Colleague: 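One structure, pasted below without further comment.
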Amino acid sequence: MAPGSDTSAEAARTGPHADVPGSGGARVEDPAPSHGSGTGGGAAVAAPGPARHGPLGRLRGPGLAVLSGLALAAAFPPVDAWPLSLAAVAALSLLTRGRTVRQGAWTGLLFGLGFFVGLLQWLRVIGWDTVFGLSLLQALFLALLGGGLAATSRLPLWPLWGACLWVAEEWARDRVPLGGFPWGRLAFANTGSPFTPLAALGGAPLVTFAVALAGTLSAAAAVALLRWRRTARPEATGARDTPRPTGPPHRALRPAAAAAGLATAVTLAGYAVPVPTDADDHVDIAVVQGDVQQPGMDFLGRPMMILENHVEPTVELAEDVAAGRVERPDLVIWPENASDLDPYRYPEAYAAIDRAAKAIGVPILVGALVDHPTREGYVENQGIVWDPVSGPGDSYTKQHPVPFGEYVPFREQLSKVISRLERVPRDFWPGDEPGVLQVGPARLGDVICFEVAYDEIVRDTVRAGARALVIQTNNATYGNTGQPEQQLAMSRLRAIEHGRAIVTAAPSGISAVVAPDGTVEQRTEEFTQDVLTARLPLRDGLTPADRVGSAPEWSLAMVGLLSWAAAILHGRRSRTDEKGNRP
């Protein structure tokens, strides 16, 4: 459907008073046509003229759309005010309600720009042009969402269809272009909220759906209250010809109460979901955070510096073990890029890692960049199991390299106009298998950096036999920007989703140990050298989310898209009927 197409006869009748972004707002209190009582309905469009100046109409406009998007960004870490995710969803529902598809799309675009610029401001380390460029690309998906919300707002049960459309928007954005960019999902703003336990049933998509449904139901309650106010006190809105309701006053408030009650029930539903946390056994671990020279694009420093920063604390830990000050761990975990040189190519890097492993006497999971064995010019981002006796063994290669960060699409063409791409001299080659590694006595699932945001990568790792998860990451480029907190929040959600303890290991922080119930039991500060020791629970059971896989996401997304199709048919039918009734 074309972005500018209309979906109802009612929208066509709004005439010159319709809300066009930039025009200062519509003059409509509740612009959706009535479909009966309850949360699925809406009041009819008010007649043109002074009566159309209402509180909702006065609030509409591009500024409120942008502010609502910024409010959604504040729902995520580091602000971490999750209730704002509900408020933002409700605001977008109200701002697009009864609009044309084109108006809804413009509103969604402005909302998306405010949201993503606020959320992705940590990319300013690379450049503000990167922030705005990626934000605009992602906001296009919110424009489609806005158009869909506008169309389906004329259907009965519109809060349900709106919530499904939120899932559909994330479903698309998580996959395209270039493998998608899942950052900014509603679920990731709710990793410590009443909605979070729902992840154990249907993963992140079910959490997004519940948050969106509670938000759209809240919008329905607001619409019902506005309708009651207009009918109960027409003089307050200027609609003096509006008939007063008959019957007890509380009867007119029933739709608002029903919508608010349903929103509350959806919000609290997560408390009824059991989160499995019982351990089958345990393993003692140590997580080494070695630190880097400085935050930003040039975090590496001189060659071997980061590697030595991880070798020395490991050797010191071994000395503490020998002196009886601490218990010997069963394994040690180093972060992504802990070895800044390929240990297979540089003997000094191999010797340094081997010295640390022999000193502690247990296997080390080492993050390193290694040359591809057969493809000249490519590099692999790996987690390598380094045994104190036999040296390097099994390894996992990152499956989802980051576009423009770890490889450059269309390198030959883009490099001619974007000189900054020279900072990525070689492309990373993706792996093709889940990262299940036997590290000493523990069968761990290795997930590297941004892969924690992708449902299928984490889920496949658990289903392949991982008893706990390790997120090897390197956020040194984005230190002290809020990005490490956003990524740690994803680990909290994944812990509940899969019933697994999660260890996040980062060279500059935040390194952390997350329990299967999502509780952050230990964490480091950024840009400090530190060692965490913990007894990590290992589990074999699968959660319902692991078993159903992506079925909830596909189902909800398809319902959302079908509801939009139904709205198109409804709009065409309405226009046909209107033409047939003309004298």
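Keep in mind that this is a model prediction, so the values were computed, not measured.
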Colleague: Please tell me if the side chains of L444 and V436 come closer than 4.5 Å, counting only heavy atoms from C-beta onward.
Modeller: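 Heavy-atom side-chain distance check fails, nothing below 4.5 Å.
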
Colleague: Kindly indicate, with the supporting measurements, whether the criterion side-chain contact (heavy atoms from CB on, under 4.5 Å) is fulfilled by L113 and L136.
Modeller: CA-CA 6 Å; L113 284 172; L136 177 59; 4.1 Å; yes

Colleague: Say whether Q472 and W334, considering side chains only, have a donor N or O and an acceptor N or O under 3.5 Å apart.
Modeller: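 Not at all, the side chains of Q472 and W334 share no donor-acceptor pair under 3.5 Å.
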
Colleague: Could you please spell out the steps behind the side-chain contact (heavy atoms from CB on, under 4.5 Å) verdict for E526 and I510?
Modeller: CA-CA 6 Å; E526 291 189 70; I510 302 169; 3.9 Å; yes

Colleague: To the closest 0.5 Å, what do you measure between CG (L70) and CZ (F111)?
Modeller: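 So the gap between those two atoms works out to 9.5 Å.
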
Colleague: Let me know which of W122, F115, F188, F116 forms a ring-ring contact (aromatic ring centres under 6.0 Å, His included) with F76.
Modeller: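 Going through W122, F115, F188, F116 one by one, the ring-ring contact (aromatic ring centres under 6.0 Å, His included) with F76 is satisfied by F115 alone.
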
Colleague: Once rounded to the nearest 0.5 Å, what's the spacing between atom CG of D530 and atom CD of Q522?
Modeller: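 If I round to the nearest 0.5 Å, the distance is 9.0 Å.
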
Colleague: Using the ring-ring contact (aromatic ring centres under 6.0 Å, His included) rule, take H400 and F450 through it: C-alpha gap first, then chi angles, then the decisive distance, then the call.
Modeller: CA-CA 8 Å; H400 202 301; F450 279 28; 9.5 Å; no

Colleague: Can D278 and R539 be counted as an ion pair, charged N to O under 4.0 angstrom?
Modeller: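 Salt bridge flag = no for R539 with D278.
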
Colleague: Would you call D455 and R185 a salt bridge, using N to O less than 4.0 angstrom?
Modeller: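 Yes, charged N to carboxylate O under 4.0 Å.
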
Colleague: Would a 4.5 Å heavy-atom cut-off, applied to side chains only, mark H282 and L538 as touching?
Modeller: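 The answer is no, as the side chains (C-beta and beyond) never meet within the 4.5 Å cut-off.
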
Colleague: The criterion is ring-ring contact (aromatic ring centres under 6.0 Å, His included); which residues satisfy it with Y378, sequence neighbours excluded?
Modeller: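 With sequence neighbours excluded, Y378 shows a ring-ring contact (aromatic ring centres under 6.0 Å, His included) to W429, given in chain and number order.
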
Colleague: Test side-chain contact (heavy atoms from CB on, under 4.5 Å) on S339 and I353 and set out the steps.
Modeller: CA-CA 8 Å; S339 178; I353 299 171; 4.0 Å; yes

Colleague: CG/L437 to CG/L365 distance, rounded to the nearest 0.5 angstrom?
Modeller: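 If we round to the nearest 0.5 Å, L437:CG and L365:CG are 6.5 Å apart.
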
Colleague: Checking the side chain of Q529 only, and the main-chain atoms of G290 only, is there a donor and an acceptor separated by less than 3.5 Å?
Modeller: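 Answer holds: yes.
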
Colleague: Does I285 form a side-chain contact (heavy atoms from CB on, under 4.5 Å) with V503? I'd like the steps, not just the answer.
Modeller: CA-CA 10 Å; I285 66 165; V503 177; 3.5 Å; yes

Colleague: Would you please name every residue forming a side-chain hydrogen bond (donor to acceptor under 3.5 Å, both in side chains) with D460, sequence neighbours left out?
Modeller: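 Per chain and number, D460 pairs via side-chain hydrogen bond (donor to acceptor under 3.5 Å, both in side chains) with no residue.
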
Colleague: Decide if atom CG of D280 counts as having more than 12 heavy atoms of other residues, nucleotides or ligands within a radius under 6.0 Å.
Modeller: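 Buried by this count: over 12 neighbours within 6.0 Å.
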
Colleague: With salt bridge (charged side-chain N to carboxylate O under 4.0 Å, His left out) as the test, would you mind laying out the steps for R463 and D546 before giving the verdict?
Modeller: CA-CA 7 Å; R463 292 173 68 165; D546 293 322; over 6 Å; no

Colleague: Between R175 and E553, does at least one N-O distance fall below 4.0 Å, as a salt bridge requires?
Modeller: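 Looking at E553 together with R175, the answer is yes, because their closest N to O distance falls below 4.0 Å.
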
Colleague: Of all heavy-atom pairs between A204 and L493, which one has the smallest distance, and what is that distance?
Modeller: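 The pair with the smallest heavy-atom distance is CB-CD2, 3.7 Å.
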
Colleague: Return each pair, listed once, that meets ring-ring contact (aromatic ring centres under 6.0 Å, His included) where at least one residue sits in residues 190-210; pairs must be two or more places apart or across chains.
Modeller: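 Qualifying pairs: none.
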
Colleague: Run the salt-bridge test on R494 and E497 with the 4.0 Å N-O cut-off and return the result as yes or no.
Modeller: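 Looking at E497 together with R494, the answer is yes, because their closest N to O distance falls below 4.0 Å.
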
Colleague: Rounded to the nearest 0.5 Å, what's the gap from CG on L145 to OG1 on T96? Could you check?
Modeller: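 L145 atom CG to T96 atom OG1 measures 7.5 Å (nearest 0.5 Å).
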
Colleague: Does a side chain donor of either D517 or T519 reach within less than 3.5 Å of an acceptor in the other side chain?
Modeller: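 A pair is found: one side chain offers a donor N or O, the other an acceptor, under 3.5 Å apart.
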
Colleague: Pick one: which of N337, L341, V292 meets side-chain contact (heavy atoms from CB on, under 4.5 Å) with I306?
Modeller: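 Exactly one candidate clears the test, V292.
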
Colleague: When rounded to the nearest 0.5 angstrom, what distance separates CD in E451 from CG in N381?
Modeller: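 Here the interatomic distance stands at 8.0 Å.
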
Colleague: Can you measure from CG (L142) to CD (E170) and round to the nearest 0.5 angstrom?
Modeller: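 Result: 9.5 Å between the selected atoms.
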
Colleague: Just checking, any donor-acceptor pair under 3.5 angstrom between side chains of S85 and N190?
Modeller: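 Side-chain D/A pair, S85 to N190: present.
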
Colleague: Ignoring hydrogens and geometry beyond distance, is a side-chain donor-acceptor pair present between D394 and Q438 at under 3.5 Å?
Modeller: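 No, because no side-chain N or O of D394 sits under 3.5 Å from a partner of the opposite role on Q438.
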
Colleague: Heavy atoms only: give me the nearest V439-P363 pair and the separation to one decimal.
Modeller: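 Scanning both residues completely, I find the closest heavy atoms to be CG1-CB, 4.1 Å.
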
Colleague: Passes side chain to side chain donor-acceptor pair (under 3.5 Å), T504 versus S491? Steps please.
Modeller: CA-CA 8 Å; T504 298; S491 294; 3.3 Å; yes

Colleague: Salt bridge or not for R345 and D371, using N-O below 4.0 Å?
Modeller: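 Yes.
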
Colleague: State whether a side-chain donor-acceptor pair under 3.5 Å links T473 with Q487.
Modeller: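 Distance-only check passes for T473 and Q487.
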
Colleague: Ignoring hydrogens and angles, tell me if any N or O in the side chain of D427 forms a donor-acceptor pair with the backbone of V408 under 3.5 Å.
Modeller: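 Here the side-chain-to-backbone pair exists.
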
Colleague: Answer yes or no: is there a side-chain heavy-atom contact under 4.5 Å between R467 and V283?
Modeller: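 They are not in side-chain contact.
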
